[in-house]
Amino acid sequence: MIIVPVKEGENIERALKKFKRKFEKTGVVKELRSRLKMEHAIYVQQLRQNEE
């Protein structure tokens, strides 16, 4: 879980930027995209095998 401490009177946009940076450092989105590409490739291979 990502925790972003927000100081009293801090701008919400700045807090969101901190959250986005921390989230990108975790690599979740990168891994998700690679898994989706892998699933798509497997699906295409199965379709091609079924056609033959």
Side-chain angles (χ1 to χ4, degrees):
M1 184 163 88
I2 299 174
I3 298 173
V4 179
V6 180
K7 297 176 183 174
E8 186 69 30
E10 186 175 7
N11 196 354
I12 190 70
E13 285 85 17
R14 182 168 285 180
L16 281 171
K17 281 184 181 183
K18 285 182 185 179
F19 174 78
K20 288 179 182 180
R21 270 189 247 125
K22 282 189 175 186
F23 187 73
E24 286 177 4
K25 285 183 181 180
T26 61
V28 174
V29 175
K30 192 174 189 178
E31 184 177 338
L32 177 65
R33 287 183 181 153
S34 68
R35 286 185 184 192
L36 287 174
K37 286 180 186 177
M38 194 69 136
E39 287 179 12
H40 178 72
I42 291 171
Y43 177 73
V44 170
Q45 286 176 352
Q46 288 175 351
L47 284 178
R48 287 180 183 165
Q49 288 176 355
N50 289 341
E51 288 177 355
E52 293 176 354

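A salt bridge does not link Lys17 with Glu13: every distance from a Lys NZ or Arg NE/NH1/NH2 to an Asp or Glu carboxylate oxygen is 4.0 Å or more.
With sequence neighbours excluded, no residue forms a side-chain hydrogen bond (donor to acceptor under 3.5 Å, both in side chains) with Gln46.
Between the CZ atom of Phe19 and the CD atom of Glu24 there is a distance of 10.5 Å, given to the nearest 0.5 Å. How far CD of Gln45 is from NE2 of His40: 10.5 Å, rounded to the nearest 0.5 Å. The CZ atom of Arg35 lies 4.0 Å from the CD atom of Glu31; values are rounded to the nearest 0.5 Å. Atom CD1 of Ile2 is separated from atom NZ of Lys20 by 12.5 Å, given to the nearest 0.5 angstrom.
In terms of heavy-atom proximity, Lys22 sits nearest to Ile3 at NZ-O, 2.8 Å. The minimum heavy-atom distance linking Val6 with Ala15 is given by the pair CG2-CB, 3.9 Å.
The cluster map of Ile, Leu, Val, Met, Phe, Trp and Tyr, joined by side-chain heavy atoms under 4.5 Å apart, puts Val28 and Val4 in the same cluster.
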